[in-house]
Engineer: 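Provided herewith is a single structure, encoded as structure tokens, for subsequent inquiry.
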Amino acid sequence: MKQWPSIKIYLGGDFQIDEDVILGYPSARLKERGPLSIGLRARIRSGTVIYEATSIGDDFETGHHVIIREENRIGNGVQIWSNTVVDYGCAIGDRVKVHANGYIPQFTIIEDDVFIAPGAVFANDKYPVSHKLEGPKIRRGARIGVHVTLLPGVTVGEGALVGAGSVVTKDVPDFMVVAGNPAKVIGTVEEVTSKNKTFPKR
């Protein structure tokens, strides 16, 4: 791995970091350099670049070619899979899984135990280029399906489920399932999952 020489890097023990990982990449945005902190037991795979001025908790894991920009706060037990970008200024809680080929824009908030499926893309600028950025907020335990688009400033409620391919233009209530373009409520999580339960043959 390459550690950028002008950046202070605090790296917890028992880590596995591939040779061509870059840690502490300097940001052109920041006037002053900031440290990069990564907790215990990190597993960071080849091609990953993590910028300065970011804090990451224990048991962090990436796929290949992940980019994590500056001024992010990432909790414990977070997994970010291949070819995903986390832009600057985001807050990500504990035990979050962001699958492959995703984009998390500036100022997104993701709470604990959220699952984001492959190809999900979020936006943070209602009227490009407005310079007034507001990322989505994804509350605790919510699940985002494959190839979902979340528009700027929307909130996905606690425990909610967003169906594959949906375009979310309005807030999603807690524990509700939404689907479609634009996404609309189709039932509660309990109703939808109970209808689709499968049982093993005896």
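Values below: every heavy atom of this structure, side chains too, minus hydrogens, waters and symmetry copies. FYI, the numbering just counts along the sequence from 1.
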Engineer: Between Asp18 and Arg45, does any side-chain N to carboxylate O distance fall below 4.0 Å?
Structural biologist: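 Between Arg45 and Asp18 there is no salt bridge, as every charged N stays at least 4.0 Å from the carboxylate O atoms.
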Engineer: For the atom pair CD1 (Ile68) and CD (Glu70), what is the distance rounded to the nearest 0.5 Å?
Structural biologist: 12.0 Å
Engineer: Which heavy-atom pair separates Leu23 from Leu36 by the least distance, and what is that distance?
Structural biologist: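 Smallest interatomic distance, heavy atoms only, reads CB-CD2, 3.9 Å.
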Engineer: Can you tell if the side chain of Ile38 reaches within under 4.5 Å of the side chain of Ile9, non-hydrogen atoms only?
Structural biologist: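 Answer no - side chains too far apart.
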Engineer: Under a 3.5 Å cutoff, is there a donor and acceptor pairing between the side chains of Tyr51 and Asn72?
Structural biologist: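 There is no such pair between these side chains.
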Engineer: Return the minimal non-hydrogen interatomic distance between Val185 and Pro173, and the atom names on each side.
Structural biologist: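 Between these two residues, the closest heavy atoms are CG2-CD, 4.2 Å.
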Engineer: Salt-bridged, Arg41 to Asp59, with N to O below 4.0 Å?
Structural biologist: yes
Engineer: When you compare the side chain of Leu161 with that of Ile144, does any pair of heavy atoms fall below 4.5 Å?
Structural biologist: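 Contact flag for Ile144/Leu161 side chains = no.
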Engineer: So, do Phe60 and Asn76 sit near enough that their side-chain heavy atoms are less than 4.5 Å apart?
Structural biologist: no
Engineer: If you round to the nearest 0.5 Å, how far is CD of Gln79 from CZ of Phe115?
Structural biologist: 10.0 Å
Engineer: Only one of Thr84, Asp87, Asn83 forms a side-chain hydrogen bond (donor to acceptor under 3.5 Å, both in side chains) with Tyr103, so which one is it?
Structural biologist: Asp87
Engineer: Examine Trp81 and Ile67 and state if one hydrophobic cluster contains both, with Ile, Leu, Val, Met, Phe, Trp and Tyr joined whenever side-chain heavy atoms are less than 4.5 Å apart.
Structural biologist: no
Engineer: In this structure, would Val85 and Val49 fall into the same cluster of hydrophobic residues linked by side-chain contacts under 4.5 Å?
Structural biologist: yes
Engineer: Assess, by modelled atom type and distance only, whether the side chains of Thr62 and Thr48 contain a donor and an acceptor separated by less than 3.5 Å.
Structural biologist: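 On atom types as modelled, these side chains qualify, holding a pair under 3.5 Å.
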Engineer: Could you measure the distance from the CZ atom of Phe107 to the CG atom of Leu133? Nearest 0.5 Å is fine.
Structural biologist: 6.0 Å
Engineer: If you draw a 6.0 Å radius around OH in Tyr25, do more than 12 non-hydrogen atoms from other residues or ligands fall strictly inside?
Structural biologist: no
Engineer: Please tell me if the side chains of Met1 and Phe15 come closer than 4.5 Å, counting only heavy atoms from C-beta onward.
Structural biologist: yes
Engineer: Taking it one step at a time, do Ser46 and His64 satisfy side chain to side chain donor-acceptor pair (under 3.5 Å)?
Structural biologist: CA-CA 5 Å; Ser46 60; His64 302 279; 2.8 Å; yes
Engineer: Pick from Arg95, Lys97, Arg143: which one makes a salt bridge (charged side-chain N to carboxylate O under 4.0 Å, His left out) with Asp113?
Structural biologist: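 Of the listed options, the one satisfying the test is Arg95.
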Engineer: Can you list the steps and then say if Asn124 with Glu134 is a side chain to side chain donor-acceptor pair (under 3.5 Å)?
Structural biologist: CA-CA 5 Å; Asn124 65 354; Glu134 183 184 5; over 6 Å; no
Engineer: Determine whether Val177 and Ile138 fall in the same hydrophobic cluster, where Ile, Leu, Val, Met, Phe, Trp and Tyr are linked whenever their side-chain heavy atoms lie under 4.5 Å apart.
Structural biologist: no
Engineer: Is it true that Glu111 and Lys137 have a side-chain N and a carboxylate O under 4.0 angstrom from each other?
Structural biologist: no
Engineer: Are side-chain heavy atoms of Val146 and Val148 found at a separation under 4.5 Å?
Structural biologist: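 Counting from C-beta outward, Val146 and Val148 never come under 4.5 Å.
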Engineer: Is Leu11 close to Ile17 at the side-chain level, that is, under 4.5 Å between some pair of heavy atoms?
Structural biologist: yes
Engineer: Which pair of heavy atoms, one from Asp94 and one from Gly75, lies closest together, and at what distance?
Structural biologist: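 Taking Asp94 first and Gly75 second, the nearest heavy atoms are OD1-CA, 3.3 Å.
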Engineer: With rounding to the nearest 0.5 Å, note down the distance linking CG in Leu151 to NZ in Lys126.
Structural biologist: 9.5 Å
Engineer: Main chain of Gly24, side chain of Glu52: is a donor-acceptor contact present, judged purely on distance under 3.5 Å?
Structural biologist: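 Checking the backbone N and O of Gly24 against the side chain of Glu52, no donor-acceptor pair under 3.5 Å is found.
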Engineer: Would the distance check show the side chain of Asp112 and the main-chain N or O of Gly141 forming a donor-acceptor pair, the cut-off being under 3.5 Å?
Structural biologist: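 Flag not set: sc Asp112 to bb Gly141 has no pair under 3.5 Å.
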Engineer: Are Thr169 and Val154 close enough, and set up right, to give a side-chain contact (heavy atoms from CB on, under 4.5 Å), and what steps lead you there?
Structural biologist: CA-CA 7 Å; Thr169 62; Val154 298; 5.7 Å; no
Engineer: Looking only at heavy atoms, what is the nearest atom pair of Ala142 and Gly157, with distance?
Structural biologist: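 So the two residues come closest at CB-O, 3.6 Å.
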Engineer: Any chance you could measure Arg69, atom CZ, to Cys90, atom SG, to the nearest 0.5 Å?
Structural biologist: 10.0 Å
Engineer: Of all heavy-atom pairs between Thr155 and Arg139, which one has the smallest distance, and what is that distance?
Structural biologist: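 Minimum heavy-atom separation between Thr155 and Arg139: CG2-NE, 3.9 Å.
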Engineer: Using a 4.5 Å cut-off on heavy atoms from C-beta on, say whether the side chain of Ser166 contacts that of Pro182.
Structural biologist: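 No, side chains not in contact.
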Engineer: Measure across Ala179 and Ile186 and return the closest heavy-atom pair with its distance rounded to 0.1 Å.
Structural biologist: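 Scanning both residues, the minimum pair turns out to be CB-CD1, 4.1 Å.
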Engineer: Once you round to the nearest 0.5 Å, how far does CD1 of Ile74 lie from OG of Ser55?
Structural biologist: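 So the gap between those two atoms works out to 8.5 Å.
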Engineer: Using modelled atom types only, decide if a donor and an acceptor are shared between the side chain of Asp58 and the backbone of Gly39 within a distance under 3.5 Å.
Structural biologist: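 A pair under 3.5 Å: no.
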Engineer: Do the side chains of Ile104 and Ile80 get nearer than 4.5 Å, heavy atoms only?
Structural biologist: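 A side-chain contact is absent here, since even the closest heavy-atom pair is not under 4.5 Å.
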